[in-house]
Structure formats: structure tokens, C-alpha cells
Chemist: 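Below: one structure in C-alpha cells.
Chain letters run A, B, ... following the sequence lines, proteins first and then strands; every chain starts at 1.
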Amino acid sequence: MRTRIVTIALLAWGLVSVAPSLAAQEPTDLQALIDDAAPGAVLDLAAGTYRGGVTIDKPLTIRSDGAAVIDGGDDDTVITVEAPDVTLEGLVVRGSGDTLDREDSGIYVKAPRVRIVDNRLEDVLFGIFLHQAPDSVVERNVIGAKDVFVARRGDGIRLWESHRTVVADNVVDGGRDAVFWFCDDLEIRGNRISNGRYGLHFMYSDRALVEANALIDNSVGSFLMYSKDLVLRRNLISGNNGPSGYGVGLKDMDGARLEDNLLVGNRVGVFLDNSPQTVGIEQWFRGNLFAYNQIGALFLPSVKNNVFWENSFVDNTVQVTVQGGGRFSGNRWTNDGVGNHWSDYAGYDADGDGIGDVPYRLDDLYDHLLDRNPEIMLFSETPAARALDLAARAFPVIKPRPKVEDPAPLIRPPAPPEPPFDLGVQPSATLLVGSIAMMAFAVVVVLSTRRRRSL
Amino acid sequence: MTAIVAPNAERVADVPERAQRRAIVAIARKELGDAVRSRWFWMWAIAFALLAAVLASVALPGSRIAGSASFGRTAASLVALVQIIVPLMGLTLGAQSIAAQRESGALRFLLSHPVNRTEAFWGIHLGLSVALLAAASAGFGAAGLVTAIRSGGAQAGAFLRITVLAWVLVIAMLGVGMLISVFARRASAALGIAVFVWLAFVFLGDLGLMGTAVATRMPVDALFFATVANPIEAFRLAALGSFVGSLDILGPSGTYAVDALGPALMPVIVGVLVLWMILPAVGAWIRFRTAKDV
Amino acid sequence: MIHIEELTKRYGNLTVLDRFAMDVAEAEAVALWGPNGAGKTTVVRCILGLVDYDGTVEVDGLDAVSRGKAVRSRVGYVAQELSFYDEMAVVDVLDFSASLRGFGTERVDEVIDLFHLGDHRLKRIAELSGGLKQRLALASALIPDPPILLLDEPTSSLDAHSREEAIELFERLRDEGRTILLTTHHMEEMGMLVDRVIAMEGGRIVTECAPAALADELGLRVWLHILVDAENTAKAQEALAADGFDSRLNAAGIVVEVPAQRKGEALKVLYRAGVEIEDLEVWS
């Protein structure tokens with residue numbers, strides 16, 4: 001037996017309040033509710049479980065306060081939107097199928113101007129899939145992936161030909177990418193994307209503004225491909241350490257601008273492959289912090305027309321290098337007499353204008369050898385590798401030709417950009433206890449030797 | 001003068017069983033006490049703790065921005081510090097141990113007691129091990145404290161794993177030092193050899209391999225295994241593995257290792273380190289037990 | 001108590017002990033006597049199992065190698081070089097030694113009293129004089145009240161006064177019924193202490209006898225330094241030569257080499273010849 005309480009109390013506003021029976025054994029049939037609703041109605045779902053696999057074929061608002069669970073029963077797509085102007089708000093969507101080529105999703109949209117806000121998606125193959133849904137808004141959703149082997153995961157967010165869409169303040173963990181195919185003029189802001197393959201992945205999508213996102217512990221923070229005029233600003237891109245991982249990778253790009261980004265602790269901070277691809281276009285890298293990466297910036301050979309200034313290169317194992325060796329000819333490390341800050345700059349600033357009086361030159365012997373013998377990367381950061389550089393400086397018999405020459409290095413690092421997220425590093429209780437235990441051990445050992453009668 | 005007979009003692013002074021069992025502990029305690037009382041020990045321990053704490057605080061100002069990445073810097077700096085100081089501590093202390101006691105005649109005094117050579121050897125080894133573990137723990141404790149207060153705890157596990165690896169390394173180096181010690185004629189020679197071995201482990205080995213790789217295009221598998229055979233490198237690679245997660249970052253050789261050994265990679269590297277902890281010490285023990293010249 | 005046979009010890013090509021054999025009975029005191037390099041110390045080290053050897057060494061019926069710990073628990077040993085741990089304090093060394101033998105600090109306090117080390121208990125070993133080190137070594141050796149004492153050159157690092165004291169102490173220890181084996185190259189001071197002397201040279205036993213008979217057995221010679229008036233020198237040398245004594249001159253006077261038991265004869269010769277002796281020294 002199923003009791004359905006449908007209150008049509010506020011027809012004037014088209015507001016429908018729906019509550020499933022508390023005693024119900026089976027989930028409420030959401031599809032029936034949708035079918036019964038008038039176009040433009042608002043379905044206010046009460047707490048409880050609703051059966052998924054529904055299709056919305058008319059403009060509707062379906063909303064809840066986070067207590068209504070739409071469960072797809074691990075099959076197919078949970079919610080399919082086929083009509084424009086649909087709003088999904090405050091829902092919990094869970095349990096899609098896991099078939100990649102059927103694109104099983106939490107929410108699959110095929111119409112423009114949808115709003116998907118404040119939803120929580122759990123255990124879904126694809127999270128939010130917008131297919132030809134321009135002018136949409138995807139905001140404040142929390143998206144968790146199916147716990148399957150990485151090659152079988154779907155994308156947390158996937159946009160296909162959905163121009164002018166805003167993707168903001170979402171939290172995506174696990175899954176494959178947040179990927180944008182053929183979408184121009186996107187606004188990607190304030191998202192936090194972690195533990196995926198490519199945090200943000202642009203394919204043939206021009207003029208996006210990518211601002212204040214946190215891309216953390218993915219294989220690649222952001223891979224930008226075949227797109228024009230992307231602007232990445234104030235993003236925190238950290239811990240992207242996949243086997244061929246990059247903080248930001250650019251392939252066949254034109255006119256990208258990276259400003260005030262924090263590129264910290266990645267395998268490679270920025271990777272450049274044939275970007276810019278068009279002659280006569282420059283790409284700008286300004287005010288970014290490249291810190292603690294294995295390689296600060298990695299260029300493929302013959303990449304040209306990139307301009308770096310006002311960036312800080314701090315303690316990257318290799319500050320900048322060209323894959324397979326070589327020099328950065330055709331790129332500039334200074335603009336209008338302003339260069340970059342290099343933590344390994346050994347020069348001085350006698351006239352006190354904040355600009356080093358001798359150029360910064362990257363001419364480490366180890367780096368130089370590394371270019372031609374990448375296998376000795378095995379020894380990076382060993383005392384031996386450092387000794388090699390020291391020896392080469394002390395006895396400059398072998399003077400490698402500098403790879404990089406920054407004629408106007410900044411003595412002080414520019415103030416680091418304000419991070420969009422505080423990573424919320426907490427004092428670690430485990431480490432605290434462990435450290436105190438270790439010190440206590442040392443003290444006990446020392447005290448135990450004081451039992452001698454001479455003392 | 002009164003009679004020299006011990007009170008309640010039977011005329012035949014057989015050592016009670018329990019005392020024999022305690023011989024190793026008694027010798028270890030004595031060695032530990034001597035080590036802790038020597039100014040070398042304090043110099044090492046304090047230098048290590050200070051450097052470790054300074055490294056941890058220098059590497060961390062960006063932690064709000066960098067989160068666990070800045071821990072990676074702390075860890076990398078600590079690993080480099082450990083690579084240099086910890087082996088030197090273990091090697092010199094180990095090299096001095098038996099050679100100096102033999103030279104001064106103190107070893108003869110010790111062995112004229114109802115103690116056999118096995119007990120004497122492992123007693124010394126145990127005592128010095130505890131002293132070195134305490135010194136290393138003081139350093140890691142100081143660094144850990146700074147890290148724990150100032151940085152994230154996401155990698156507490158990695159930090160503690162590195163600590164354990166450093167413990168294994170320092171005992172391995174003690175064993176190598178004691179191996180030098182049992183073979184050396186004089187304490188000064190033992191110390192000289194120990195310093196040379198340290199140079200070889202820390203610098204010459206790697207430089208030689210780098211040179212060979214550059215000059216001969218050495219295959220990556222040979223390069224990787226030759227590197228891992230060095231206990232200090234085994235420590236570094238194991239430590240790197242525990243806070244970076246993968247040795248892919250080490251270029252083609254690292255990628256080779258990850259591909260070829262798969263999940264066995266870390267066990268192999270740690271296994272090498274453990275073998276270094278066991279084999280030289282056992283070799284030194286066998287030599288000490290069989291070549292009785294004191 | 002100590003039984004040794006066919007004991008051979010080689011260092012490389014050098015044979016230090018060559019089929020050495022000896023027995024020491026319970027409560028007997030025996031001296032191993034001989035020049036440096038005779039192998040005395042090596043015998044002691046073999047008994048303690050400190051070195052490898054070929055042959056048989058038994059203490060109280062126990063093999064010195066296979067039952068080394070039991071042997072060493074019956075033996076108190078005073079080494080020639082008196083080495084301990086230089087940086088440790090006297091009381092700590094004794095505590096350590098006691099702990100290795102299963103004795104507690106009470107016994108250590110007793111031996112500290114017995115050997116009058118109370119004033120020195122907190123001194124570092126490196127600060128001790130030879131005499132104090134000697135007392136410390138004996139104190140340590142006597143912690144377990146051992147039935148057997150091995151004393152390797154026990155008086156070599158002592159001044160004359162300490163030497164007398166030490167020998168007196170050894171006699172007491174002997175009288176308490178301990179078996180004592182000591183090495184020395186100053187036989188005269190040990191004469192009263194030991195029952196028997198085993199003279200060694202080149203790793204072999206030269207002779208074995210009571211201490212008083214040693215000089216005869218070995219045909220020992222001494223040097224008499226005789227000071228006479230300058231004008232009597234020639235006369236004295238002639239007289240000595242006439243009776244078969246070889247003599248020569250040095251800055252101090254006439255030097256005559258004589259068998260140890262004929263010292264008096266040489267002096268009688270000079271007396272009969274009417275040479276007045278102004279001073280006399282005996283060198284051995």
C-alpha cells in the first residue's frame with residue numbers, strides 16, 4: 001500500500017509539497033510526481049527516498065533542503081533533464097549505473113538554461129553532465145565518484161557545447177575530470193577539485209575565465225588543450241603529482257594568461273607543449289608563485305613566445321627546463337625591465353632598486369647533465385648532485401651555457417597571491433604525540449644513564 | 001685488613017644464571033652511558049636536532065598556501081640532512097667502539113669477566129644502537145614538533161615512516177662502523193676508514209654512478225639497482241616513496257623501477273636497507289668471535 | 001687447579017708458545033719468570049680464553065675455550081697494563097665489573113673498603129696513579145672472591161713502597177688458600193711469595209724449581225760495580241784476573257761479571273789482594 005499526500009495548497013504559486021510515507025517500504029515514485037506537475041511548478045520534496053531514473057520533460061523546479069534522496073539503484077542515469085529552464089536544488093542524488101559508454105550520470109541535462117545548485121551527488125559514474133545546455137548554472141554542488149578503478153571512472157562535471165555556463169563553488173572529489181568540450185565563454189570559479197585525473201580539462205573551449213579554484217592532488221591540476229584566450233587567475237594548484245602530472249598543462253593553446261596562480265608542490269608547475277601555436281601570439285605568465293615543484297616550468301623544445309614576469313620561482317627542484325635539454329630561445333623572462341624572483345639567485349642589488357644588478361642565469365652543471373641524461377634525475381636533490389654544482393661553481397672548468405637568462409631578477413618575491421582557499425592545515429595530533437614520544441624517548445634514554453653511582 | 005672472602009659466598013664463585021643472561025644488558029647499559037656522556041654524542045644530537053627544527057620551520061612559511069606540499073619540502077630537506085649526518089654518526093660511533101677499547105686494553109678487562117665474545121659484541125651493539133636511536137629521535141622529535149604545530153597533519157604517517165627508516169639507517173651504519181672496527185688495527189685507522197666509507201656512501205657512489213651514466217649510457221635498470229644497493233640511497237628512495245607516494249618523479253630510472261617492480265618496489269628498497277642493518281653487524285660479530293686476538 | 005699441555009700459540013710466523021705444559025695445584029702459588037717476549041703473558045691470556053691457541057688448557061677441570069665463562073667466573077685477573085675505561089669513575093667500573101659477575105653494589109662497597117679506595121671512588125680512571133690502578137684491578141678481581149688469581153706483572157707499575165704493600169697483600173691472599181699464578185721478571189721480590197718458579201724463554205720452559213734454587217739452576221750472573229782508589233784500579237783488575245774473574249772499567253769504577261752465587265768470592269779476592277773497597281753496587 002502506498003500513501004501519497006499531495007497538497008495542492010498554493011496553486012497560485014504552483015508550489016507542491018510532497019512527502020513520502022514514513023512507513024513506506026518502497027521509495028516514492030518521483031516520476032509520477034513529475035508527470036503530475038504542471039510546467040513551471042515547484043516540487044518541494046520532503047525528506048525521504050525517491051526512486052531515480054526519472055526524466056524531466058518540462059520546465060520544473062525540484063528542490064529540497066538536502067533531505068530528499070533520489071536513488072538510481074545503481075542503474076542508468078538518475079535524473080535526465082530534457083526541458084530547458086529546469087532547476088534542481090538541494091537534492092541528494094545517488095547510485096547511477098557504472099557503464100561508461102552509456103554515460104550513466106547523476107544528472108544528465110540536454111536542454112539550455114538549467115540551474116543545478118546545492119545538490120549532493122554520491123556514488124555516481126558521471127556527476128553532472130551538460131550536453132548542449134548553454135547558459136546554465138552549476139553551483140555549490142558536492143560531487144563524489146563511484147569507487148571504481150581510475151580507468152573506469154566518469155567525469156565529475158562534463159560540459160559539451162554548453163556555452164556561457166557558470167560552474168562555481170562546486171566540490172568534486174575522485175572521479176576523472178571536470179571537462180569542457182566545445183564550450184566558449186565559461187566562467188569556472190571557486191571550485192575545489194581533488195583526487196581526480198585532470199582537475200579542469202579544457203578541449204576546444206575558448207575565452208573561459210578560470211578563477212579562484214583549488215585543484216589539489218589530482219594527476220594533472222588543469223589541462224588546457226586546443227583552446228584560445230583562457231584566463232587562469234588566483235587558482236591554487238597543488239600536489240598534482242601524477243606520473244606525467246602537471247599543475248597546469250598547455251597543449252596547442254593560444255593566448256592563455258596565467259596570473260596570480262599558486263602552483264605549489266606539483267610534479268611540474270606549468271607544462272608547455274606547442275603553446276602558443278599561432279605565430280604572433282604571446283602568452284603571459286605573470287605574478288604566479290611556482291614553489292616546491294619538482295620542475296617549476298617544463299617546456300617542450302621549440303615552444304616560443306611565452307613571457308614570464310613578476311613570478312616567483314621558489315625552491316623548485318628544477319626551476320625551469322626544456323625537456324630533452326636545450327635553451328628557451330624565443331621566450332622572455334622579463335617584461336618592461338621587470339623579471340622574476342628566483343630563490344636560487346646569488347646576485348646582489350647594490351643600487352637598492354629591487355632588481356638584481358647581475359642577470360639570473362640558470363647554469364647548474366647537474367641540470368645541464370640532466371637535460372641530456374634524464375636517467376640521472378634519480379639523483380636529484382642528493383648531496384652528491386649538490387656537491388657537483390658546488391664544485392662546478394668553485395672550479396668553473398666546465399661552464400654550461402645558461403639555459404635561462406633573466407636580466408632583471410627581482411630581489412624580493414612579489415607578495416604571494418591570496419589563496420582562494422585556506423587548505424585548512426590543522427596541527428596534527430598524531431604527529432604532535434609522535435614527536436613528543438620521540439623526544440621523551442631520548443630524554444628517558446639519557447636519564448636512564450644517570451643511575452651510575454658516581455653521579 | 002679483614003679477610004677478602006665475600007659474605008655468604010660459597011667458595012666456588014660460579015656466576016648465577018640470571019647474571020649471565022643479564023650480561024648483554026649490563027654491557028649495553030655501560031656503552032650507552034659512555035656514549036651519552038661523550039661530548040661527540042651531544043654535539044651530534046644537538047646539531048641534528050637544531051638543523052632538523054630549523055629546516056622544518058624554514059620550509060614551512062608557505063604551509064597555508066602549500067598545505068601538504070610544504071610538508072614535502074620539510075621532508076625532502078630532512079631526508080637530505082639525515083643522509084649526511086645520520087650515517088656519519090653511526091659510522092664513527094661504530095668504528096670507534098671495538099677498536100678503541102681494544103687499543104686501550106679495556107676490551108681485555110671486559111673479556112676477562114665471565115662474559116663471552118658474543119655477549120660483549122651484541123651488548124656494545126645494543127648500547128650504541130639505543131644511544132643513536134635516542135639522538136635520531138631527539139632530532140626527528142624536534143622537527144616533528146615544529147611541523148606538527150605549524151603544518152598539516154595529512155602526512156603524519158609519512159613523517160613517522162621516515163623516522164623509522166632513519167632509525168634503520170643509523171643502525172645499519174653502526175653495523176658497518178663496527179665491521180670496520182673489528183678489522184682495524186687501530187682506533188684512528190678505524191675512524192679514518194669510517195669517514196672514507198661515509199664519503200663513498202654519500203658522495204662518491206652517486207657521483208660515480210652519475211659519471212658512468214653520463215659517459216656510458218648505462219641502462220636504467222643497472223643504474224637503479226646500483227643506486228639502491230647503497231644503503232643511504234635506499235633510505236632516500238624509501239623515504240621519498242613514503243612522502244611523495246611514487247618514484248615516478250625520479251625520471252626514467254624511477255619510472256623503470258615503478259614499472260618493473262610494481263608493488264614490490266618499496267619492499268625491495270626497504271629490504272635492502274634492512275639487509276644493511278643485519279649483514280654488516282653479523283659479519284662483524286662473526287669476525288669478532290672467531291678472530292680472537294684480545 | 002690449572003692444567004696445561006701441548007699449548008702452542010703462533011702469531012703468523014712467530015711462535016710465542018711452543019708445546020708449553022704446566023700444572024698448578026690447588027692453593028699453590030706459581031711464578032712464570034722470564035724476559036719480555038718469553039710467552040708468560042700469553043699463557044695467562046690462554047687461560048682466560050682471550051686468545052686462540054692449540055693444545056689443552058683446563059681450569060678446575062673445565063676447558064678454557066668450551067667452558068670459558070665458567071673458567072673466568074673462577075678466576076680473578078689483574079692485567080699488566082691496568083686498562084679499564086678511562087672516562088669512568090672508580091665506583092662505576094667496580095659496579096660494572098660486579099654486575100657482569102652477578103654481584104651487587106654491597107660487595108663493591110666492601111672491596112672499596114678492603115682496598116682503601118674510599119677516597120678515590122669518584123675519580124676518573126684516567127686520574128689514577130699506577131698504584132691506585134693496581135688496587136682497583138685487585139679490587140675488581142676479588143669481587144667474586146675467586147679461588148684462582150692470575151696476576152700478570154702485578155708489580156711492574158708500582159713504586160717501591162706500593163710494591164711492598166702489594167706483595168704483602170698477595171701473601172695474605174695466598175694464605176687464604178687461593179691458587180695464584182703470576183708472571184714477573186723481578187724474581188727477587190716474588191721469592192717469598194711463590195712456591196715454585198717456572199722459567200720461560202722463547203715460549204718454552206727453561207727450568208722449574210723452588211725460587212731459592214733459581215739462580216743456581218739458571219747460572220745467573222750479576223754485575224758488581226766496585227769503586228776503589230784510582231791507584232788501586234790496576235792492582236784490583238790483576239787480582240781478579242788471576243782468579244778467573246773478567247773485569248772492565250767504566251766511569252763508576254770496576255765492573256765484574258760473576259755468577260750470582262759467587263759474588264762473595266770476587267770480594268774476597270780483592271780483600272786478599274789488599275785493595276780497599278770504597279763502594280759497591282750489585283746489578284742483576
Chemist: Who wins among B/L207, B/L32, B/V214 for the most heavy-atom pairs under 4.5 Å with chain A?
Modeler: B/V214
Chemist: Which heavy atom in B/F203 sits nearest to a heavy atom in A/P383, and how many Å separate them?
Modeler: CE2-O, 3.4 Å
Chemist: Mind ranking B/A135, B/A142, B/A76, B/A35 by heavy-atom pairs under 4.5 Å with chain A and telling me who comes out on top?
Modeler: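 So the answer, after comparing B/A135, B/A142, B/A76, B/A35, is B/A142.
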Chemist: At what distance, to the nearest 0.5 angstrom, does CE of A/M439 lie from CG of B/L145?
Modeler: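 If we round to the nearest 0.5 Å, A/M439:CE and B/L145:CG are 6.0 Å apart.
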Chemist: Counting only heavy atoms closer than 4.5 Å, note whether B/Y256 contacts chain A via side chain, backbone, both or neither.
Modeler: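 Neither part.
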Chemist: Indicate yes or no for a side-chain donor-acceptor contact from A/T449 to the backbone of B/V36 under 3.5 Å, with no hydrogens or angles considered.
Modeler: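 Looks like no, no N/O pair under 3.5 Å.
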Chemist: Would you check, one step at a time, whether the test side chain to side chain contact (heavy atoms under 4.5 Å, CB included) holds for B/T227 with A/F379?
Modeler: CA-CA 9 Å; B/T227 305; A/F379 301 101; 3.4 Å; yes
Chemist: Heavy-atom cut-off 4.5 Å, strictly under: side chain, backbone, both or neither for B/L237 against chain A?
Modeler: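 For B/L237, the contact with chain A is made by the side chain alone.
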Chemist: Any side-chain heavy atom of B/F159 within less than 4.5 Å of one from A/T430?
Modeler: no
Chemist: At their closest point, which heavy atom of A/S435 faces which heavy atom of B/G141, and how far apart are they?
Modeler: CB-O, 3.4 Å
Chemist: Closest heavy-atom contact between A/A384 and B/D206?
Modeler: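 Result for this residue pair: CB-CB, 3.3 Å.
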Chemist: To the nearest 0.5 Å, tell me how far B/L250 CG sits from A/T317 OG1.
Modeler: 9.5 Å
Chemist: Start with the C-alpha gap between B/E233 and A/T382, add the side-chain angles, then the distance that decides, and say whether side chain to side chain contact (heavy atoms under 4.5 Å, CB included) holds.
Modeler: CA-CA 9 Å; B/E233 285 293 42; A/T382 57; 3.7 Å; yes
Chemist: Which atoms of A/L369 come close to chain B, meaning under 4.5 Å heavy atom to heavy atom: side chain ones, backbone ones, both, or neither?
Modeler: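 A/L369 touches chain B through side-chain heavy atoms alone.
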Chemist: Answer with side chain, backbone, both or neither: which region of A/E375 has an atom nearer than 4.5 Å to a non-hydrogen atom of chain B?
Modeler: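 Contact with chain B involves both backbone and side-chain atoms of A/E375.
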Chemist: Quick check: closest heavy atoms across A/P374 and B/P252, and the distance to 0.1 Å?
Modeler: O-CD, 3.1 Å
Chemist: Measuring heavy-atom distances to chain B, does A/S244 have an atom under 4.5 Å in its side chain, in its backbone, in both, or in neither?
Modeler: neither
Chemist: If you look at every heavy atom in A/L378 and B/R236, which pair is closest and at what distance?
Modeler: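 In terms of heavy atoms, the two residues are closest at O-NH2, 2.5 Å.
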Chemist: Name the region of B/T163, side chain, backbone, both or neither, that has any atom closer than 4.5 Å to a heavy atom of chain A.
Modeler: side chain
Chemist: Give, as side chain, backbone, both or neither, the part of B/L160 having an atom under 4.5 angstrom from any heavy atom of chain A.
Modeler: side chain
Chemist: A/N373 and B/A213: which non-hydrogen atoms are nearest, and at how many Å?
Modeler: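 In terms of heavy atoms, the two residues are closest at OD1-O, 4.1 Å.
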Chemist: Below 4.0 angstrom, N of the basic side chain to O of the carboxylate: do A/R452 and B/D34 qualify?
Modeler: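 Salt bridge present between A/R452 and B/D34.
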